[in-house]
Structures are given as C-alpha cells and as structure tokens.
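In the text below, chain A, chain B and the rest are named by the order of the sequence lines, each starting its count at 1.
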Amino acid sequence: MTVFAGLGTLFFLLAIGTPVGFAMMVSGMLGLYLVGGWGMVGGILSTAPLSTVSAYELITIPMFLLMAEFVLVSGVADDLFKATAAWVGRVKGGLGMATALAGAGFGAICGTSTASAATLSSTSLPAMLKQGYEPKLAAGVVAISGTLAMLIPPSIALVVYGLLAEVNIGGLLIGGVIPGLIVTAAIMLTVYFLAWQDPSRAPAGPKVPWAEKIRLLKVIGPTLVLFGMVTGVIYSGIATPTEASALGAFGGMGLAIWYRRLNKTTLSRALLRASHGTCMIAMILVGAHVFGYFFTLTQVTQNLVSFVGGLEVPRWVIMSLILFGYIILGMFMDQIAILVLTVPVVLPLIKSLGYDPLWFGVIKIVTAEVGMITPPIGLNCFVVARYSGRPVAEVFHGTFPHFIAHIIVIALFVIFPELILWLPSKMGN
Amino acid sequence: MQPLFKTLLGALNTLERLAIRIVLVMMFAVMMIVAADVFMRYVFNAPFSWAYDLIALYLMAGIFFLGLSQAYASGAHVSVDILQQQFSPSGKRLAEIITAAVGLLAFAAMTKLGYERALDAFISKDVLAGAIPWPTWPSIALMPLGAGLLCLRLAVTLAGHLGSLMSGQDLVPLPHGGHGTEEFSE
C-alpha cells in the first residue's frame with residue numbers, strides 16, 4: 001500500500017510537470033513518512049542532501065559541463081567539420097560521413113549531446129544542403145551524430161549512471177570509447193547505404209587540394225590534446241575521472257583564451273550555464289537519494305528480482321524486454337530522468353541475471369541516444385530543426401534509418417559484451 | 001496586486017543574482033584548485049592536502065544550494081512536460097500551484113532541519129577529522145540558506161499563480177517548460 005502511495009504520488013507529480021528532482025524528493029518523503037513517521041523523514045532529509053552533493057565523484061559533473069561550455073566558446077568545434085569534409089567529402093555520401101566523424105570528434109571533447117547537435121547544425125547542415133543533399137537525410141545525420149557526445153568520453157550521462165549505480169566512473173568512460181567508434185561507423189555505413197540506394201540524395205563534394213587538406217588538419221591538434229587531457233589521463237591511470245574533468249575544463253578554458261574568445265561575458269555565461277546544469281543534476285540525485293531510501297525499505301526491488309529469477313525464460317529475453325522498455329521510455333522522458341527512475345530497480349535485476357553493470361551502463365546510454373532522436377520529444381531533432389529552420393517532422397523522418405542501425409548495434413553489444421568490456425579491462429591504475 | 005508582485009519578484013531576483021554570483025566564483029575555484037592540485041602532485045610531488053575537504057565541504061555544497069533557487073526560476077530543473085504542454089493556461093497554472101505547494105512543504109522542512117543541524121554544529125564547534133580541522137557549520141548552513149531562498153521563490157510563485165487564477169491578471173509568467181524543447185521548437 002505504501003509503495004503505491006509513494007509511486008502514485010511520484011507519477012502524478014511527474015505527469016503534471018513537477019521537476020523530476022522535486023517530484024522524487026516529495027514522494028520519497030511521503031513514502032518515508034508512511035513507513036516510519038516524521039522521525040524517519042527528518043533523519044534522512046537533514047543528511048541526504050549534503051552527503052549527496054559532497055560526493056567526490058560529483059565534482060565531475062560541473063567540470064564536464066564547464067568543459068563543454070568552454071569548448072563551445074572557443075569555436076574549435078566549428079572547424080572540425082571543415083576538416084573531416086575535406087578528407088572524406090569526395091566519396092558517396094561523403095559530407096554525411098564527415099558529419100558523423102565531426103560528431104565523434106566533438107564527442108571526444110564535449111559531454112553533452114544537444115551542444116554537439118547545435119554546433120553540427122550550424123556548420124555541417126548548411127554545407128550539405130548547399131551540396132544538394134536531400135534535406136531529410138542531411139538533418140537526420142546531424143541529429144544522430146550529435147548523440148555521439150553522450151557515448152564518447154567525456155560523457156555526463158555515463159557519469160550520472162556511474163553515480164547512481166556505484167560503478168567505477170573511469171571504467172565507464174573508457175567503456176564508451178569502442179562503442180562510440182562502432183556507432184560512428186554505423187552512422188557512416190547508414191549514410192553510405194542511403195547514398196548507394198539513391199545517389200541523388202547525397203551528391204559528392206568538390207575536390208579539395210592537398211595543401212588545403214593538410215592546412216585544415218590543424219584543428220585536430222587541440223582536439224587531440226583535450227581528448228588526451230581527459231580520456232588519456234583516465235585510461236593511463238594518471239588521474240582520477242574527477243581530476244581529469246577539472247583538467248578538461250581548464251584545458252577548454254585555455255583553448256577559449258588561445259582563440260581569443262574568452263572575455264568577461266563569455267566566461268560568466270559559461271559558468272552560469274554549467275552551474276544551472278549542475279544544480280539540475282544534483283537536485284535529481286538528491287531526490288533519487290531520498291526516494292531510494294523509501295524504495296529500499298519497501299523491498300519492492302528484492303521482490304521483483306526474486307520474481308524474475310523464478311521465471312523460466314532465458315536471460316537474453318529479459319534483457320531484450322528491458323532494452324525495449326528503455327527505447328519506449330526514451331520517446332517520452334528525459335534521459336537523466338529515466339536513469340534515476342529506473343537504475344535503482346533495473347540494476348539489481350541485471351546483476352542477478354549475471355550481467356556486468358559497466359556493460360549495462362554503456363548499453364543504456366546507447367538506448368538513450370536512440371531516445372534523443374525518436375518522436376515525440378527527441379531533443380536533438382528539435383535542436384536541429386531550430387537551427388536549420390527545417391520542419392521537426394522532416395528531421396524525425398530523416399533519423400529513422402539511423403534508428404534501425406542503432407537497434408542492430410545494440411543487438412551487437414548484447415551478443416558480444418567484449419566490445420564494451422575489453423578496453424576498460426586494459427586500464428592502468 | 002501587480003505592483004506588489006513586481007516588487008517581490010524584483011527583490012527575489014536581486015537575492016538570487018547575489019547568490020548565483022557566489023556560485024560562479026565557487027565554480028571557477030573548483031576548476032582552478034583541482035587542476036592546480038594535479039599539477040602540484042605531478043610536477044612538485046606536493047599535492048594540496050586541503051583541496052578535497054574544501055571543495056566537498058564548502059564549494060560543492062555552495063554551488064548546489066545557492067544555485068538551487070535561480071535554477072528553478074530560470075526553468076533549468078528538468079521535468080517531464082509532455083503532458084503539461086497539452087494543458088490549458090489555467091491547467092498549467094494549477095499544475096504549477098501543486099508543484100510550488102508540495103515543493104514549499106519539502107524545502108521548508110529541509111530549511112528547518114538544516115538550520116537546527118547547523119546551529120548544533122556551531123554550538124558544539126564540530127570540525128572535520130583530518131589534517132585541517134575545518135568547521136562543519138558553514139557547510140551545513142548553506143543548506144537552510146539555499147533551501148530557504150528556494151522557499152521564498154516557491155511562495156511567490158504559489159501566490160502569484162493563485163492570484164493570477166483568481167484575478168485573471170498575469171501576475172507571474174506561465175512556465176516555459178523544463179527540458180527546453182519548447183525553447184527549440186517554433
């Protein structure tokens with residue numbers, strides 16, 4: 001009964017648009033009150049918020065957010081597409097593939113998907129349209145390429161999962177590298193396939209002289225340095241993810257200074273946006289913490305785990321159902337909200353089935369990528385539509401082939417877990 | 001009623017701007033301290049022993065609690081607004097009233113509990129066990145400060161939407177949604 005009161009309140013508040021963190025905190029408080037009275041509510045409410053925000057790993061969130069803001073300020077990402085386009089623009093569907101590569105490059109220095117989609121919309125989309133690309137195809141590849149930022153480290157989404165699931169954050173971030181490359185390849189293959197089906201959709205780009213190609217490579221330098229400062233130091237074990245994130249933010253600021261884009265206005269705007277993002281995520285984590293206490297006391301999760309454990313079905317069926325559920329949820333809910341609401345329930349289940357939580361985290365983020373491009377609330381499609389002035393429906397339509405490709409990639413990761421787990425196992429300490 | 005709300009909102013904005021300025025400085029400080037700490041450790045083998053206590057105890061708590069209210073006011077807290085978007089304007093106001101009311105209850109409790117805990121820590125001169133005995137009360141005090149500021153914001157929002165519903169005037173603006181899609185859609 002208490003379970004339903006707590007869950008009912010939660011779903012009601014979520015439905016009327018209460019911020020997710022508030023909704024979880026309030027319904028968690030109600031649940032705790034029903035279980036143990038005011039004493040229990042007071043005990044948890046007076047300690048949970050402070051202990052949540054002073055967790056060492058949480059520092060990673062503001063620093064990665066800040067790094068993304070500085071990278072945007074520096075404008076270094078604007079040139080990424082020019083460079084990749086010069087190199088692969090000549091092949092069939094080349095500019096579309098260049099967009100995927102630029103998305104991967106951007107993902108390597110920036111952890112938020114919408115920032116990436118916005119940058120790509122203002123650089124690669126006009127170039128493709130000018131080249132005579134089918135608008136649907138062009139917009140679709142931009143929207144999906146933006147999502148690579150969630151998977152390729154640095155990644156805010158992976159850090160949030162790590163905080164919730166108490167999985168090694170360094171391992172998670174490194175675990176995103178190979179899947180990120182595979183997804184990039186899948187996007188490129190999808191574009192190639194579409195261009196092969198109907199070459200008029202994606203005309204080849206003009207020839208770029210070698211001198212120009214070499215000159216454009218100069219953007220790769222700063223990108224690689226920043227990537228090394230974060231992912232490199234985490235992989236080699238030189239610094240913890242928390243330290244690496246601050247190094248990344250610092251490096252991002254250095255870039256913004258180097259390109260002479262940093263001034264009082266851009267600096268305070270970057271800090272402000274990063275602090276808003278931090279507050280939002282920390283509030284959700286605080287809410288999840290309070291709600292989590294209540295949920296643990298009700299033993300819903302244990303009952304669910306033993307129920308599923310008693311089912312006579314192969315574990316891959318259950319896994320497929322979970323992933324299918326995530327893709328459906330992703331159509332209607334924000335990805336961070338999905339993480340906090342589901343991880344406490346789904347993770348024990350995953351563990352009891354014998355799956356690796358690190359592997360599951362990376363797969364979960366790939367389903368989140370899908371959620372960013374599926375109607376009705378696929379955020380990246382709205383970003384692309386806004387920046388390009390194209391109708392949202394057209395962008396959603398254009399992402400459909402990538403949706404299919406992502407489903408295949410997810411199946412691949414389920415069948416071959418080593419694709420995700422191999423690189424983290426090679427990490428230094 | 002409109003002039004009253006204008007004054008209230010103006011005062012609240014001033015308070016929040018002050019709080020957020022502190023947040024921005026703290027944010028910058030976290031970045032510089034952690035980066036310098038890594039540098040000192042690798043180049044001079046002399047890390048700052050105080051860095052993480054300072055950040056975890058004061059700076060992260062400050063960034064979260066002092067930024068809480070401003071983040072709410074600017075719609076930065078993510079929500080599932082797919083249903084709310086279908087509501088009529090008065091329906092939206094009603095939803096906001098419920099949110100503000102339950103939020104006010106929860107954060108008022110947090111403010112009260114935080115205040116009592118901070119007072120306790122202050123009187124008993126609690127310090128953190130470690131190389132530097134940092135006092136804990138300023139860190140705990142950030143909780144009632146930030147949650148209290150959010151309570152003020154929620155109270156004004158609540159009263160504003162109630163007043164708007166009753167008088168038909170637009171005392172406080174309607175929510176423009178949580179996760180920013182409407183900002184992006186035409």
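When heavy atoms are compared at a cutoff of 4.5 Å, A:M63 approaches chain B solely by way of its side chain, counted from C-beta outward. With a 4.5 Å cut-off on non-hydrogen atoms, A:T47 touches chain B through its backbone and its side chain both. Contacts between A:I281 and chain B at a heavy-atom distance below 4.5 Å are absent for every atom of the residue. For A:F22, the part sitting under 4.5 Å from any heavy atom of chain B is the side chain, from C-beta outward, and nothing else. The contact between A:I59 and chain B is made by backbone and side chain atoms together, counting heavy-atom distances below 4.5 Å. Both the backbone and the side chain of B:I63 come within contact range of chain A, judged by heavy atoms closer than 4.5 Å. Heavy-atom distances place the side chain of A:M253, and not its backbone, under 4.5 Å from chain B. When heavy atoms are compared at a cutoff of 4.5 Å, A:L66 approaches chain B solely by way of its side chain, counted from C-beta outward. Proximity to chain A (any heavy atom under 4.5 Å) is shown, for B:F64, by both the backbone and the side chain. With a 4.5 Å cut-off on non-hydrogen atoms, B:V38 touches chain A through its side chain but not through its backbone. A:L30 does not touch chain B: none of its heavy atoms, backbone or side chain, sits under 4.5 Å away. Of the two parts of B:R41, only the side chain, counted from C-beta on, holds a non-hydrogen atom closer than 4.5 Å to a non-hydrogen atom of chain A. Contacts of B:M32 with chain A are made by side-chain atoms alone, with heavy-atom separations under 4.5 Å and no backbone atom involved. Neither the backbone nor the side chain of A:V233 comes within less than 4.5 Å of any heavy atom in chain B. In this structure, chain A has a heavy atom under 4.5 Å from the side chain of B:Y72, while its backbone stays farther away. Proximity to chain A involves both the backbone and the side chain of B:Q70, based on heavy atoms less than 4.5 angstrom apart. Looking at B:I33, neither its backbone nor its side chain comes within 4.5 Å of chain A, counting heavy atoms on both sides. Only the side chain of B:M143 comes within contact range of chain A, with at least one heavy atom under 4.5 Å from a heavy atom of that chain. Only the side chain of B:Y42 comes within contact range of chain A, with at least one heavy atom under 4.5 Å from a heavy atom of that chain.
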key: Verdict with supporting geometry, A:F12 and B:I98, side chain to side chain contact (heavy atoms under 4.5 Å, CB included)   = CA-CA 11 Å; A:F12 170 74; B:I98 298 174; 4.0 Å; yes
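The choice from A:P376, A:G277, A:A282 that makes the most heavy-atom pairs within less than 4.5 Å of chain B is A:A282. Interface check for chain A: of the options B:Y52, B:Y58, B:F65, the most heavy-atom pairs under 4.5 Å are formed by B:Y52. Top candidate by heavy-atom pairs under 4.5 Å with chain B, chosen from A:A337, A:A15, A:A118, A:A23, is A:A15. The greatest number of non-hydrogen atom pairs below 4.5 Å with chain B, out of A:G251, A:A270, A:A249, is found for A:A249.
Taking the side chain as every heavy atom from C-beta outward, A:P62 and B:M60 approach each other to under 4.5 Å. At least one side-chain heavy atom of B:M27 sits less than 4.5 Å from a side-chain heavy atom of A:T278. Side-chain atoms of A:V26 and B:L105, non-hydrogen and from C-beta on, never get closer than 4.5 Å to each other.
Residues B:S74 and A:H276 share a closest heavy-atom pair of OG-CE1, 3.1 Å. Closest approach of B:A109 to A:M29, counting heavy atoms only: CB-CE, 4.2 Å. Here the closest heavy-atom approach between residue A:M25 and residue B:A106 is recorded as CE-CB, 3.6 Å. Across all non-hydrogen atoms, the minimal contact from B:V34 to A:T242 is CG1-O, 4.2 Å. Nearest heavy-atom pair, B:G67 versus A:C279, reported as atom, atom and distance to 0.1 Å: C-SG, 3.3 Å. Of all the heavy atoms in B:L24 and A:S268, the pair that sits closest is CD1-O, 4.0 Å.
Taken from CG in B:L142 to CG in A:L50, the straight-line distance is 8.0 Å, to the nearest 0.5 Å. From A:I284, atom CD1 reaches atom NE2 of B:H77 across 9.0 Å, with rounding to the nearest 0.5 Å. Atom OG1 of B:T99 is separated from atom CD1 of A:I16 by 4.0 Å, given to the nearest 0.5 angstrom. To the nearest 0.5 angstrom, A:I44 atom CD1 is 11.5 Å from B:L113 atom CG. Atoms CG and CD1, on A:L58 and B:I55 in that order, are 12.0 Å from each other to the nearest 0.5 Å. The CE atom of B:M31 sits 11.0 Å away from the OG atom of A:S245 when rounded to the nearest 0.5 Å.
At most 12 heavy atoms of other shown residues, nucleotides or ligands fall within 6.0 angstrom of atom OH in B:Y115. Within a 6.0 Å sphere centred on CZ of B:F5, other residues, nucleotides and ligands contribute more than 12 heavy atoms.
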